[in-house]
Student: 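Below is a structure I'd like to ask you about.
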There are 4 protein chains.
Amino acid sequence: MRAGRPRDEGVRRAILVAAQELVLERGYAAVTMGDVAKRAGAGKQTLYRWWPGKGALVLDAFSEWVSQAPRLRGPRRPSLSSTLVELCRGASEAAPVLRALMAEAQFDEDLHRRLLAQLVRPRGDELRACLVDRRPADRELVVNVLSGLVWQRLMLNEPLDARFVRFALRVVERI
Amino acid sequence: MRAGRPRDEGVRRAILVAAQELVLERGYAAVTMGDVAKRAGAGKQTLYRWWPGKGALVLDAFSEWVSQAPRLRGPRRPSLSSTLVELCRGASEAAPVLRALMAEAQFDEDLHRRLLAQLVRPRGDELRACLVDRRPADRELVVNVLSGLVWQRLMLNEPLDARFVRFALRVVERI
Amino acid sequence: MRAGRPRDEGVRRAILVAAQELVLERGYAAVTMGDVAKRAGAGKQTLYRWWPGKGALVLDAFSEWVSQAPRLRGPRRPSLSSTLVELCRGASEAAPVLRALMAEAQFDEDLHRRLLAQLVRPRGDELRACLVDRRPADRELVVNVLSGLVWQRLMLNEPLDARFVRFALRVVERI
Amino acid sequence: MRAGRPRDEGVRRAILVAAQELVLERGYAAVTMGDVAKRAGAGKQTLYRWWPGKGALVLDAFSEWVSQAPRLRGPRRPSLSSTLVELCRGASEAAPVLRALMAEAQFDEDLHRRLLAQLVRPRGDELRACLVDRRPADRELVVNVLSGLVWQRLMLNEPLDARFVRFALRVVERI
DNA sequence: CCTTAATCGAGACGGTACGTCTCGTCTTGTG
DNA sequence: CACAAGACGAGACGTACCGTCTCGATTAAGG
């Protein structure tokens with residue numbers, strides 16, 4: 001086994017919780033690594049030891065939060081509409097964070113990759129899974145359109161509400 | 001007439017040119033207000049007198065650049081496909097700047113408004129103008145889908161090439 | 001006579017009054033040339049046309065103020081003690097301005113000369129005039145000592161009160 | 001022991017040396033905190049962490065310089081005249097800095113206190129120590145007069161040479 | 001037990017951009 | 001020409017974060 005003091009799991013949790021709280025309280029831009037460290041009772045070095053920067057840290061903090069969300073679907077394949085509703089509900093709640101992360105990712109290649117792998121692709125896969133009875137080419141097309149609509153709404157700061165879901169479903173119907 | 005020394009138009013131009021050059025040379029993130037001032041032979045205060053920050057300045061710099069682009073369509077209404085081709089060509093060239101501006105706008109309410117008014121809406125209107133023979137409800141739908149696809153491609157750093165245009169047109173056809 | 005519009009005496013007065021008021025209200029350091037111009041309803045250029053900087057302007061403003069002070073001595077030569085009392089009273093009232101001017105003069109050769117000519121030397125001469133019955137060598141000595149004591153008190157921000165006058169007179173007695 | 005990285009003594013020295021050099025090269029007014037930082041190879045924040053501003057920093061820089069001056073008096077109490085000679089020699093060399101510091105102190109309450117404690121009072125005490133055989137009241141009187149004469153000479157930018165020392169001693173003799 | 005190696009909190013450090021401030025000059029139109 | 005208004009170049013200011021570093025203290029695992 002590796003020598004030396006092992007990573008303190010409690011510290012990791014404390015940091016993620018602190019990051020989450022602070023971002024929810026003040027918004028992403030108004031939170032610094034130093035703030036998170038102080039709130040978590042940790043040293044800045046401990047943050048930088050495990051995350052390359054604020055983006056990756058906050059991404060992890062909210063990845064956990066998202067994955068705690070109820071994924072309690074039955075064994076049956078979920079419908080596209082229910083999946084989209086759920087996706088929009090989540091995106092709507094976390095909208096400010098998602099906007100900030102996607103924005104930061106434009107300036108940070110590494111964060112861009114992480115964001116794709118941890119948030120963008122998994123959600124695309126969820127949608128794709130609802131479309132197994134479509135032709136493969138159509139499937140990609142629909143996923144692209146839906147995902148484009150959702151991200152656009154986020155970046156333009158427009159609501160991802162029931163009305164939007166109806167609109168999106170109407171679009172998909174016609175493809 | 002207004003009292004005091006009038007705004008020096010030459011300085012305004014010099015600043016916009018400097019901003020444009022520097023952003024093209026180094027990329028948005030690597031350019032500072034001080035750099036632009038120095039390159040333009042201007043004082044920092046002069047920049048801040050007329051623009052609230054880097055985002056708004058660069059937006060103006062590239063707004064001018066975009067509006068200098070050939071808009072030499074004949075009297076005939078342009079086709080959707082040619083408009084989309086042109087739009088993607090422009091967006092592709094300016095992609096790094098557009099990404100950066102949209103990103104910055106997520107942290108800056110004022111820049112967000114400016115970006116919508118100066119870039120997002122005008123381009124949407126261009127598309128809309130190609131769709132006058134569609135039913136109004138469909139029109140909005142198509143504009144939304146296209147614009148969503150384009151912005152998503154930009155933010156995900158994927159190419160806005162001919163393949164994408166074909167893909168987008170195929171989507172629209174089926175709506 | 002010089003061609004062109006003659007200097008507007010009212011403007012000159014307004015500027016001096018504004019300078020005086022502002023310095024009394026906020027203190028020398030917190031007043032800028034722009035402030036004075038605004039308060040006087042004048043342009044900054046008008047200030048710089050007639051004074052080289054804030055120091056010289058404030059010096060003029062308070063020179064006038066000082067010279068408005070009652071100089072109502074009878075035909076008889078004033079006593080050293082009454083002169084010193086009067087001098088300390090004036091210096092005490094204007095202490096903050098005098099400190100600031102002397103300070104500024106340390107960074108500004110021109111102001112230094114003006115300060116000497118308009119404030120330091122005249123006051124020395126007043127003292128000298130009370131000492132005509134001393135031997136010339138002693139006279140300079142006494143004037144130097146008194147002036148040194150007063151300026152030191154000013155710069156060290158200690159009171160120029162009756163107690164100080166008594167102290168100073170005691171010193172002079174013993175020389 | 002105190003937590004955190006301890007203050008780097010080498011950096012402190014480097015900053016003081018840089019401040020001293022720059023002030024001697026260019027004069028107090030022409031040196032900025034940024035200049036000192038650059039010359040010292042330090043960050044500006046490090047300067048502001050330990051000193052409130054240029055005044056306090058330069059005061060420290062020259063306090064060290066002064067206290068490195070030979071204080072090698074024998075066990076015997078030094079004479080007033082030799083002390084005064086030494087004092088004037090030091091003040092003469094450092095005259096530009098002393099003038100600037102005293103000037104700055106007129107605009108800065110905190111610097112004023114520091115200047116008194118680190119420069120004015122210690123020098124007064126040196127003089128006082130030479131006057132132990134005088135009556136206490138006379139002692140204060142003499143110290144005041146001498147210190148007044150010296151500071152006045154500094155602020156009026158007149159030489160603190162041998163002639164001045166003779167003059168000052170003549171004054172004291174007669175008190 | 002005692003060394004070794006990595007972790008932890010704390011906070012100093014070099015670096016750099018920020019947005020503001022003041023200075024003294026300039027460029028208008030008006031009297 | 002003087003004058004009010006105010007834009008302009010210049011550059012210092014003090015602050016804010018960044019990401020790295022240097023401490024002493026802590027915590028296992030391996031000798």
Side-chain angles (χ1 to χ4, degrees), chain A residues 1-8 10-12 14 31-35 37-38 40-54, chain B residues 1-12 15 29-35 37-38 40-50 52-54, chain C residues 2-8 10-12 15 29 31-35 37-38 40-54, chain D residues 1-12 15 29-35 37-38 40-50 52-54:
Chain A
M1 197 232 185
R2 275 193 18 263
R5 179 174 176 175
R7 176 170 187 182
D8 185 333
V11 168
R12 185 182 145 272
V31 174
T32 73
M33 290 297 262
D35 293 337
K38 185 154 288 179
K44 281 172 62 179
Q45 191 59 262
T46 305
L47 275 66
Y48 283 106
R49 212 190 322 271
W50 305 111
W51 293 275
K54 184 168 68 158
Chain B
M1 196 232 185
R2 270 182 42 251
R5 179 176 178 175
R7 177 169 185 181
D8 186 331
E9 193 59 23
V11 168
R12 184 182 146 271
I15 291 170
V31 174
T32 73
M33 290 296 263
D35 293 337
K38 186 154 288 179
K44 281 172 63 179
Q45 193 59 257
T46 303
L47 274 67
Y48 283 106
R49 205 189 329 270
W50 303 112
K54 186 168 64 157
Chain C
R2 282 197 4 266
R5 178 173 174 176
R7 176 169 186 183
D8 184 333
V11 168
R12 185 181 146 272
I15 291 170
V31 174
T32 73
M33 291 296 262
D35 293 339
K38 185 153 288 180
K44 281 172 62 179
Q45 193 59 261
T46 305
L47 274 66
Y48 283 105
R49 211 188 325 270
W50 305 111
W51 293 274
K54 184 167 68 158
Chain D
M1 198 233 181
R2 271 185 38 253
R5 180 176 176 174
R7 178 169 185 181
D8 185 332
E9 192 59 25
V11 167
R12 185 182 145 271
I15 291 170
V31 174
T32 73
M33 290 295 263
D35 293 338
K38 186 154 288 179
K44 280 172 63 179
Q45 193 60 254
T46 304
L47 274 65
Y48 283 106
R49 207 187 328 269
W50 303 113
K54 186 168 66 157

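The chains referred to below are lettered A, B, ... by the order of the sequence lines, with proteins before strands, and numbering in each begins at 1. Hydrogens, waters and symmetry mates are skipped; everything else that's a heavy atom, side chains included, is used.
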Student: Look only at the side chain of Lys54(C) and the backbone of Val31(C), and say whether a donor-acceptor pair between them is shorter than 3.5 Å.
Tutor: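 Yes: the side chain of Lys54(C) pairs with the backbone of Val31(C).
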Student: Which residues pass the salt bridge (Lys or Arg N to Asp or Glu O under 4.0 Å) test with Arg7(B), sequence neighbours left out?
Tutor: none
Student: Taking for each residue the nucleotide of DNA chain F with the nearest heavy atom, is it Ala37(B) or Lys38(C) whose nucleotide lies nearer the 5' end?
Tutor: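 With Ala37(B) and Lys38(C) compared, the 5'-side residue is Lys38(C).
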Student: Are any of Thr46(C)'s side-chain N or O atoms less than 4.0 Å away from OP1 or OP2 of dA2(F)?
Tutor: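 Checking dA2(F) against Thr46(C), no side-chain N or O comes under 4.0 Å of OP1 or OP2.
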Student: Taking for each residue the nucleotide of DNA chain F bearing the nearest heavy atom, is the 5' side occupied by Arg49(C) or by Gly4(D)?
Tutor: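 Mapping each residue to its closest nucleotide by heavy atoms, the 5'-most match is Arg49(C).
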Student: Sequence neighbours left out, what passes salt bridge (Lys or Arg N to Asp or Glu O under 4.0 Å) with Arg5(B)? Give chain and number order.
Tutor: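 Counting only residues at least two positions away or on another chain, Arg5(B) forms no salt bridge (Lys or Arg N to Asp or Glu O under 4.0 Å).
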Student: Grab the two heavy atoms, one from Gly43(A) and one from Ala37(A), that are nearest each other, plus how far apart they are.
Tutor: C-CB, 4.1 Å
Student: Between atom CZ in Arg12(D) and atom P in dG14(E), what is the gap in whole Å?
Tutor: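 Value for this atom pair: 14 Å.
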Student: Starting from P on dG11(E), measure out to CG on Leu47(A) and report it in whole angstrom.
Tutor: 16 Å
Student: Is there a side chain to side chain contact (heavy atoms under 4.5 Å, CB included) between Ile15(C) and Trp51(C)? Walk through the geometry before answering.
Tutor: CA-CA 11 Å; Ile15(C) 291 170; Trp51(C) 293 274; 3.8 Å; yes
Student: With a cut-off of less than 4.0 Å, is there a side-chain N or O of Trp50(B) near OP1 or OP2 of dA7(F)?
Tutor: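 Looking at the OP1 and OP2 atoms of dA7(F), neither is under 4.0 Å from any side-chain N or O of Trp50(B).
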Student: Got a donor-acceptor pair under 3.5 Å from the side chain of Arg5(A) to the base of dT27(F)?
Tutor: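 Donor-acceptor pair under 3.5 Å: no.
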Student: So, using salt bridge (Lys or Arg N to Asp or Glu O under 4.0 Å) as the criterion, who are the partners of Arg49(B) when residues are at least two apart?
Tutor: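 Here no residue qualifies.
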Student: Whole Å only: how far is the CG atom of Asp8(A) from the C1' atom of dT26(F)?
Tutor: 11 Å
Student: Using a 4.0 Å heavy-atom cut-off, does Trp51(C) contact any base of the nucleic acid, only the sugar-phosphate backbone, or nothing at all?
Tutor: nothing
Student: Mark up nucleotides 18-23 of chain E, 5' to 3', with B wherever a protein heavy atom is under 4.0 angstrom from a base atom, S wherever such an atom reaches only the sugar-phosphate, and - elsewhere.
Tutor: SBBBSS
Student: I need the CD1-C1' distance between Ile15(D) and dG14(E), as an integer number of Å.
Tutor: 11 Å
